[in-house]
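The basis for the numbers below is simple: all heavy atoms, side chains too, and nothing from hydrogens, waters or symmetry mates. Keep in mind it's a predicted model, so treat the numbers as computed, not measured. We name chains A, B, ... by the order of the sequence lines, and we start the count at 1 in each one.
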Amino acid sequence: MTLKFYNTLTKGKEIFTPLYEGRINMYVCGPTVYDHPHIGHAKSYVSFDVIVRYLRYLGYNVRYIQNITDVGHLTDNADEGEDKILKRAQRDHVEPAELVEIYTRSYFEDMDALNNVRPTISPRATAHIPEQIELVEDLLGKGYAYVSNGSVYFEVQKFKEYGKLSGRRQEELEAGARVEINPEKRHPSDFALWKRAEPGHIMRWKSPWGEGFPGWHLECSAMSMKYLGPTLDIHGGGLENIFPHHECEIAQSEAATGKPFVRYWLHNNMVTVNGQKMGKSLGNFITLKDAFQKYRPLTVRFFILNTHYRSPLDFSNEALDAADKGLERLHNTIKHLRERLLFPKDGTTPSTLYEKLDNHKKAFMGAMDEDINTSDAIGTLFDLSKEVNTLLNSGEEISKKCLEDINAFYQQLGGDILGIIPKTFESQQIGETDVLKDVMDILIDTRSELRKAKQWQLSDFIRTKLSEIGIALDDKPTGTVWKKTR
RNA sequence: GGCGGCAUCGCCAAGUGGACUAAGGCAACGGUUUGCAAAACCGUCAUCCUGGGUUCGAAUCCCAGUGCCGCCUCCA
């Protein structure tokens, strides 16, 4: 069993080996915090979260860095465009720092809800201005950059390998009609390392070239190398960042260090909504807070993982509904398992159990090893679920050890690695629902009496009415249980 | 204009040369169970966009066509 990743740099699957044994340096492009996170963020960060979880499960010590971009960058390398953070801050009459704080918190709130593990470090761009200036000075000193009217540009032609990630050649880029000619640049594809701040620009820092702010590719290079060293094992991000963002990161980093910047480039595909690209500038994005109104965060997570990270994901209510039901089925198995564990009895351990668990685990790991095929991996959990349900319904007493081992299996693969199985389910929690519980006990007892007396009309009436307010009754041989359905 | 990706059951989605007469989920249908339900289980349900080609063998490779999408401007 060997872990393989599809590497954008080599356009193929490669066996993964870390630079330093047992340790992995990983960086993922984080959000620009000027608005609430949307489902596109969810896909990206859930995908990389599972990669981190899996690497840790395999025993690696992973340092996982995800930046917080709290400097609004201009929309292109020229002087055109607007700064999203400044624009929002002005609109909402708040300090940029205030705005950024609001949305940084919002971001973590939603990522926590999705059950993503927090990055090891979440460095802020504004907290690393000196490092960024230092990198620019380094590049100037080595002749890869030039100062022009208070701004500093990277001279792309000096870096021969520019284009190796995105497959673009410099000659082709010249014709790129969409880049406006900026007279400050020697070449249209040169990109800004440092921008001169115009008089109205609030976010500005002192630099050797006057007051300004960093170019939008710079923070990732400066911060990743600060915390992870000159060569990263894994750099992740969205597909749309391959060019120009990641291409420029490579150029400025490798020009500065003379060493390979990233060994494995991983890119997740995009989210579409009803078949259409979802984008901030298109204004059709669905925020996670909206999505969570209708769907459980774990459903959103499960939905995302049901598709491979490099495949596009189309968000639709039908698909989410289907995912919700599927996840519910998986959860039911585990709920039943845990209910049984509350009152364990002496019983048998089926002779083939461990062989089966072992086979399922091999299938699961095999799927994960093939470039994190979560869809396939989830399939193996459903396969196991079928067998476990059969076992639980068999009417035989099952040993506590057996139940515990199956539970631990789900907890590891479905919980620790995929993060789609919670440690406890809501119905098993106590607290403010105590009164409801008492009322339900009374109702169920009453209904049981009715059923004993074969008063079907009344007992069905209770069940129907409860169903209408979102409480499902389930008459099992051992008694009636209830659960909330929404 | 340049670069790249995708097209698999009613829907979602794995599979990228032989164990595929194609995983898994949702829906549907038949059955078991149930007072009736629910849940669960068993069973049924695809030859892989079209046309060529390579190969002993292709969903999987190549060519052409059709359709959809992404990047080339901030975006996960």
Side-chain angles (χ1 to χ4, degrees), chain A residues 11 13 28-32 34-35 37-48 72-78 80-84 163 166-169 171-173 175-180 216 236-245 267-272 275-282 285 302-303 306-308 310-314 316 318-330 332-333 335-336 363 367 370 373-383 385-387 389-390 392-394 451 454 456 459-460 463-464 467 472-477 480-481 483:
Chain A
K11 300 200 187 343
K13 273 190 202 172
V28 171
C29 283
T32 302
Y34 70 93
D35 206 342
H38 53 69
I39 52 181
H41 292 105
K43 175 166 167 70
S44 185
Y45 300 123
V46 166
S47 299
F48 288 110
H73 294 299
L74 299 187
T75 53
D76 71 29
N77 298 332
E80 311 297 325
E82 48 197 5
D83 178 322
K84 305 254 178 192
S166 57
R168 270 161 236 253
R169 279 164 296 173
E171 312 85 68
E172 288 162 359
L173 292 171
R178 294 221 254 168
V179 179
E180 294 208 13
W216 72 281
L239 212 55
E240 83 287 357
N241 278 328
I242 293 174
F243 189 89
H245 187 50
H267 290 97
N268 66 277
N269 216 311
M270 314 297 282
V271 172
T272 54
Q276 251 212 327
K277 172 190 156 79
M278 186 184 78
K280 285 188 179 174
S281 45
L282 293 178
F285 64 88
F302 175 77
F303 172 67
N306 215 8
T307 303
H308 188 90
R310 282 193 296 111
S311 298
L313 179 70
D314 190 45
S316 68
E318 297 72 38
L320 262 293
D321 286 338
D324 188 61
K325 285 178 184 158
L327 180 65
E328 188 63 24
R329 207 158 83 78
L330 202 57
N332 276 339
T333 301
K335 281 181 191 167
H336 293 151
E370 279 300 317
N373 191 336
T374 50
S375 181
D376 202 4
I378 286 171
T380 69
L381 292 187
F382 276 100
D383 288 338
S385 219
K386 218 168 238 186
E387 293 180 32
N389 285 333
T390 302
L392 292 176
N393 288 338
S394 67
R451 292 181 69 223
K454 297 198 190 297
W456 307 126
S459 64
D460 287 354
R463 186 171 62 191
T464 309
S467 160
L473 290 189
D474 181 7
D475 297 324
K476 293 181 173 189
T480 300
V481 296
K483 66 176 178 188

**OP:** Report yes if some heavy atom in the side chain of A:L313 is under 4.5 Å from a heavy atom in the side chain of A:F303; otherwise report no.
**Re:** yes
Both distances below 3.5 Å, Watson-Crick or wobble geometry, any strand: find the nucleotide opposite [N].
{"N": "B:rA7", "value": "B:rU66"}
{"N": "B:rG1", "value": "B:rC72"}
{"N": "B:rA19", "value": "none"}
{"N": "B:rA39", "value": "none"}
{"N": "B:rU34", "value": "none"}
{"N": "B:rU44", "value": "B:rA28"}
{"N": "B:rC61", "value": "B:rG53"}

[atom1] atom, [N] versus [M]: distance in rounded Å?
{"N": "B:rC42", "M": "B:rU33", "atom1": "C1'", "value": "11 Å"}
{"N": "B:rA76", "M": "B:rA19", "atom1": "P", "value": "42 Å"}
{"N": "B:rG1", "M": "B:rA58", "atom1": "P", "value": "36 Å"}
{"N": "B:rC48", "M": "B:rA22", "atom1": "P", "value": "12 Å"}
{"N": "B:rC9", "M": "B:rA46", "atom1": "P", "value": "12 Å"}
{"N": "B:rG65", "M": "B:rU55", "atom1": "P", "value": "23 Å"}
{"N": "B:rA28", "M": "B:rC20", "atom1": "C1'", "value": "24 Å"}
{"N": "B:rG67", "M": "B:rU21", "atom1": "C1'", "value": "30 Å"}

Exercise: identify the closest heavy-atom pair between [X] and [Y]:
{"X": "A:V271", "Y": "A:G40", "answer": "CG2-CA, 3.8 Å"}
{"X": "A:K483", "Y": "A:N332", "answer": "NZ-OD1, 3.8 Å"}
{"X": "A:Y45", "Y": "A:C29", "answer": "OH-O, 2.7 Å"}
{"X": "A:G238", "Y": "A:H267", "answer": "O-CD2, 3.5 Å"}
{"X": "A:E370", "Y": "A:K13", "answer": "OE1-NZ, 2.9 Å"}

Original post:
Can you find a side chain N or O atom of A:K476 that sits less than 4.0 Å from OP1 or OP2 on B:rA40?
Top reply: no
Please report the distance, rounded to the nearest Å, between [atom1] in [X] and [atom2] in [N].
{"X": "A:H245", "N": "B:rC71", "atom1": "NE2", "atom2": "P", "result": "16 Å"}
{"X": "A:H38", "N": "B:rA76", "atom1": "NE2", "atom2": "C1'", "result": "6 Å"}
{"X": "A:H267", "N": "B:rG4", "atom1": "NE2", "atom2": "C1'", "result": "13 Å"}
{"X": "A:I378", "N": "B:rG15", "atom1": "CD1", "atom2": "C1'", "result": "16 Å"}
{"X": "A:E328", "N": "B:rA39", "atom1": "CD", "atom2": "C1'", "result": "10 Å"}
{"X": "A:M270", "N": "B:rC6", "atom1": "CE", "atom2": "P", "result": "16 Å"}
{"X": "A:E240", "N": "B:rG5", "atom1": "CD", "atom2": "P", "result": "17 Å"}
{"X": "A:K43", "N": "B:rG70", "atom1": "NZ", "atom2": "C1'", "result": "13 Å"}

Contact class for [X] (heavy atom, under 4.0 Å): base, sugar-phosphate, or nothing?
{"X": "A:G40", "result": "base"}
{"X": "A:V271", "result": "base"}
{"X": "A:D475", "result": "base"}
{"X": "A:L381", "result": "nothing"}
{"X": "A:K325", "result": "sugar-phosphate"}
{"X": "A:N241", "result": "sugar-phosphate"}

**OP:** Could you pull out all residues at least two apart from A:H336 that satisfy ring-ring contact (aromatic ring centres under 6.0 Å, His included)?
**Re:** none
**OP:** Name all residues meeting the side chain to side chain donor-acceptor pair (under 3.5 Å) criterion together with A:D474; count only those two or more places apart in sequence or in a different chain, and write none if there are none.
**Re:** none
Original post:
Who passes side chain to side chain donor-acceptor pair (under 3.5 Å) against A:S44, sequence neighbours left out?
Top reply: A:N268
Among [options], the nucleotide that comes nearest once only the side chain of [X] is considered:
{"X": "A:N332", "options": "B:rA76, B:rA40, B:rG2", "result": "B:rA40"}
{"X": "A:R451", "options": "B:rA76, B:rC72, B:rG35", "result": "B:rG35"}
{"X": "A:D474", "options": "B:rA37, B:rG2, B:rG35", "result": "B:rA37"}

Subject >> base_contact_polar (B:rG35 base, A:D460 side chain, donor-acceptor, <3.5 Å) >> reply: yes
Original post:
Below 3.5 Å, does any donor atom in the side chain of A:R463 face an acceptor in the base of B:rC36, or the other way round?
Top reply: yes
Side chains of residues 376-383 of chain A: which donor-acceptor partners sit under 3.5 Å, not counting sequence neighbours?
residue	atom	partner	partner atom	Å
A:T380	OG1	A:A377	O	2.6

Original post:
Can you tell me how far NZ of A:K386 sits from CZ of A:R329, rounded to the nearest 0.5 angstrom?
Top reply: 6.5 Å
**OP:** Just do the side chain to side chain contact (heavy atoms under 4.5 Å, CB included) check on A:R451 and A:D475 with the steps written out, would you?
**Re:** CA-CA 10 Å; A:R451 292 181 69 223; A:D475 297 324; 3.6 Å; yes
Original post:
Do we see A:F382 stacking on the base of B:rG25, given a limit of 5.5 Å between centres and 30° between planes?
Top reply: no
Original post:
Considering heavy-atom distances to RNA chain B, does A:L239 or A:Y45 have its closest nucleotide positioned more toward the 5' end?
Top reply: A:L239
Original post:
Of A:S459 and A:S166, whose nearest nucleotide on RNA chain B comes first from the 5' end?
Top reply: A:S166
**OP:** Please work out whether the ring planes of A:H245 and A:W216 are parallel, tilted or perpendicular, with thresholds of 30° and 60°.
**Re:** parallel
Show me the protein contacts with nucleotides 41-44 of chain B, counting only N or O atoms at under 3.5 Å.
residue	atom	partner	partner atom	Å
B:rC41	OP1	A:N389	ND2	3.1
B:rC41	OP2	A:R329	NH1	3.2

Dump the pairs, protein N or O against N or O of nucleotides 10-14 of chain B, anything under 3.5 Å, distances to one decimal.
residue	atom	partner	partner atom	Å
B:rA13	O2'	A:S375	OG	2.9
B:rA14	OP1	A:H308	N	2.7
B:rA14	OP1	A:S311	OG	3.3
B:rA14	O3'	A:N373	ND2	2.7
B:rA14	O2'	A:N373	ND2	3.4

